[in-house]
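Read through the structure below, which is laid out as structure tokens, and then see the notes.
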Amino acid sequence: MSFVFPPSPVVSVPVLGQPERFPVHRIYCVGRNYEEHAKEMGFTGREPPFFFLKPTDSLVVVEAGQTGTMPYPSLTQNLHHEIELVVAIGKGGRNISAADSIQHIYGYAVGLDMTRRDLQNEMKKQGRPWCIGKAFDHSGPIGPITPIGQTNDINNAEISLQVNGADRQRSTISKLIWNVAETIEHLSAAWELQAGDLIYTGTPEGVAAVVKGDVLVGSVAGLTPLKVSIV
């Protein structure tokens with residue numbers, strides 16, 4: 001097979017303790033999946049889950065022990081951090097039940113859903129898609145994937161983000177409105193999940209702006225921390 005120009009390389013994420021890497025297929029994100037974050041965005045209650053996507057090449061892949069760099073994006077004056085647990089799918093399927101979801105999980109990672117909040121809010125006002133606020137270049141920093149057999153009870157893990165050493169976000173995965181198993185059930189009813197899919201599961205309260213020079217350190221207990229510098 002020949003191409004009119006060389007195809008882009010496969011986007012992949014390192015796997016903790018293994019030479020093989022995790023090839024990425026799609027990136028799904030869950031919106032407003034912590035109650036307190038929903039409230040700070042002006043919403044209340046347990047609404048049905050909803051999803052948006054990021055391009056695969058929006059990832060900023062950060063190796064263990066390294067500091068990734070994210071360029072401050074164009075068109076915005078209000079770049080927000082959103083720390084998230086990322087679920088890596090190792091076995092695809094459609095209409096996966098919550099009870100069977102664990103069979104489809106390869107592992108977990110720490111991720112950031114960076115958001116051009118001013119652009120997102122403007123799109124909301126106009127009733128237009130959020131893509132310009134969520135799916136821009138370098139909007140998805142992610143650390144190494146820890147295989148599921150090497151993790152503790154992820155559903156009760158603490159999740160946090162520090163900016164320049166100061167706490168910005170802190171919660172527990174148990175406070176997800178739709179937990180990991182339920183999210184997979186809902187998501188696989190809308191799309192056929194594939195091995196290589198990543199699911200950004202939502203962010204807790206405390207989202208706020210960052211500027212050039214800020215250093216972000218995101219953590220989920222039991223996983224490799226994610227460190228990113230805004231440049």
(request) Determine yes or no for a side-chain-to-main-chain donor-acceptor pair under 3.5 angstrom, with Asn156 supplying the side chain and Asp153 the backbone. (result) no

(message) I'd like to know if the side chain of Arg168 and the backbone of Ala209 have a donor-acceptor N/O pair within less than 3.5 Å.
(response) yes

(message) I'd like to know if the side chain of Ser58 reaches the main chain of Asp137, judged simply by a donor and an acceptor atom lying under 3.5 Å from each other, with no hydrogens or angles considered.
(response) no

(message) Tell me whether Tyr34 shares a hydrophobic cluster with Val110, the cluster being built from Ile, Leu, Val, Met, Phe, Trp, Tyr side chains joined at under 4.5 Å.
(response) yes

(request) Compute the centroid of each ring, for Phe51 and then for Trp130, and state whether the two points are separated by less than 6.0 Å. (result) no

(message) Is it the case that the side chain of Ser188 and the backbone of Ile96 share a donor-acceptor pair, with hydrogens and angles ignored and the cut-off at 3.5 Å?
(response) yes

(request) Would you give the length of the straight line joining atom OG1 of Thr203 to atom NE2 of His80, rounded to the nearest 0.5 angstrom? (result) 11.5 Å

(message) Treating Arg21 as the side-chain partner and Ser12 as the backbone partner, does any N or O pair qualify as donor plus acceptor under 3.5 Å?
(response) yes

(message) Would you say Lys54 and Ser139 are linked by a side-chain donor-acceptor pair, where the criterion is simply a distance under 3.5 Å?
(response) yes

(message) Is a donor from one side chain sitting under 3.5 angstrom from an acceptor on the other, for Asp118 and Asn121?
(response) no

(request) With Gln169 as reference, evaluate His81, Gln162, Glu84, Glu82 under the side chain to side chain donor-acceptor pair (under 3.5 Å) test and give the passing residue. (result) His81

(message) Once rounded to the nearest 0.5 Å, what's the spacing between atom OG of Ser219 and atom CG of Leu161?
(response) 8.0 Å

(message) With a 6.0 Å cut-off (strictly less than), is the heavy-atom count around CD of Gln103, excluding the residue itself, greater than 12?
(response) yes

(message) side-chain contact (heavy atoms from CB on, under 4.5 Å) for Asp113 and Phe52? Distances and angles first, verdict last.
(response) CA-CA 11 Å; Asp113 169 21; Phe52 58 93; 3.6 Å; yes

(message) Between His186 (side chain only) and Pro49 (backbone N and O only), is there a donor and an acceptor less than 3.5 Å apart?
(response) no

(request) Rounded to the nearest 0.5 Å, what's the gap from OG on Ser101 to CG on Asn179? Could you check? (result) 7.5 Å

(request) Under 4.5 Å between side-chain heavy atoms, chaining through other members, with only Ile, Leu, Val, Met, Phe, Trp and Tyr counted: pull out the rest of the cluster around Met123, sorted by chain and number. (result) Leu75, Leu119, Ile132

(request) State, yes or no, whether a side-chain contact exists between Ile142 and Val61 at a heavy-atom distance under 4.5 Å. (result) yes

(request) Please check if the side chain of Thr69 supplies one atom and the backbone of Thr67 the other of a donor-acceptor pair under 3.5 Å. (result) no

(request) For Arg116 and Ser74, work out which heavy atoms get closest and say how close. (result) NH1-O, 2.8 Å

(message) Is there a side-chain contact between Thr224 and Leu16 in this structure, where contact means two heavy atoms from C-beta onward sitting under 4.5 Å apart?
(response) yes

(request) Give the intermediate values and the outcome of side-chain contact (heavy atoms from CB on, under 4.5 Å) for residues Tyr28 and Ile89. (result) CA-CA 11 Å; Tyr28 298 97; Ile89 297 296; over 6 Å; no

(message) Quick check: is Ile148 connected to Leu176 through a chain of hydrophobic side chains (ILVMFWY, heavy atoms under 4.5 Å apart)?
(response) yes

(request) Might you work through the side-chain contact (heavy atoms from CB on, under 4.5 Å) test for Leu198 and Leu59, ending with a clear yes or no? (result) CA-CA 11 Å; Leu198 297 175; Leu59 292 180; 4.0 Å; yes

(message) Hydrophobic cluster membership, with links at side-chain heavy-atom distances under 4.5 Å among I/L/V/M/F/W/Y: are Ile199 and Leu223 in one?
(response) yes

(message) Strictly distance-based, threshold 3.5 Å: is any side-chain N or O of Glu185 a donor or acceptor partner for the main-chain N or O of Ala98?
(response) yes

(request) Check whether any side-chain heavy atom of Val180 sits under 4.5 Å from a side-chain heavy atom of Ile105, and report yes or no. (result) yes

(message) Minimum heavy-atom separation for Gly218 and Ile83, please, with both atom names.
(response) CA-CD1, 3.5 Å

(request) Hey, could you give me the NZ/NE2 distance between Lys91 and His104, rounded to the nearest 0.5 Å? (result) 5.0 Å

(request) Could you grab the distance from atom CD of Gln120 to atom CG of Asn78, nearest 0.5 Å is fine? (result) 10.0 Å

(request) Measure across Ala195 and Gly90 and return the closest heavy-atom pair with its distance rounded to 0.1 Å. (result) CB-O, 3.4 Å

(request) Find out whether Pro73 and Leu79 are in side-chain contact, i.e. whether some heavy atom of one side chain is under 4.5 Å from a heavy atom of the other. (result) yes

(request) Verify the cluster assignment for Leu226 and Val217: are they in a single hydrophobic cluster under the rule of side-chain heavy atoms below 4.5 Å apart? (result) no

(message) Counting C-beta onward and ignoring hydrogens, is there a side-chain heavy-atom pair between Thr172 and Ile159 closer than 4.5 Å?
(response) no

(request) Examine Val228 and Val231 and state if one hydrophobic cluster contains both, with Ile, Leu, Val, Met, Phe, Trp and Tyr joined whenever side-chain heavy atoms are less than 4.5 Å apart. (result) no

(request) Run through Thr146, Val86, Val87 and flag the one making a side chain to side chain contact (heavy atoms under 4.5 Å, CB included) with Tyr108. (result) Val87

(request) Compare all side-chain heavy atoms of Ile154 with those of Val220 and state whether any distance is below 4.5 angstrom. (result) yes

(request) Test side-chain contact (heavy atoms from CB on, under 4.5 Å) on Val30 and Trp178 and set out the steps. (result) CA-CA 9 Å; Val30 188; Trp178 299 95; 5.7 Å; no

(request) Taking Asn33 for its side chain and Thr201 for its backbone only, find out whether a donor-acceptor pair lies under 3.5 Å. (result) yes

(request) Compute the centroid of each ring, for Phe22 and then for Tyr106, and state whether the two points are separated by less than 6.0 Å. (result) yes

(message) Between Arg32 and Glu205, does any NZ, NE, NH1 or NH2 come within less than 4.0 Å of an OD or OE carboxylate oxygen?
(response) no

(message) Treating Tyr200 as the side-chain partner and Gly140 as the backbone partner, does any N or O pair qualify as donor plus acceptor under 3.5 Å?
(response) yes

(message) Please find the pair of heavy atoms, one from Pro144 and one from Val13, that lie closest to each other, and give the distance.
(response) CA-CG1, 4.3 Å

(message) Does any part of the side chain of Leu193, heavy atoms only, come nearer than 4.5 Å to the side chain of Arg26, both counted from C-beta?
(response) no

(message) Could you check whether any side-chain heavy atom of Met114 comes within less than 4.5 Å of a side-chain heavy atom of Val60, counting everything from C-beta outward?
(response) no

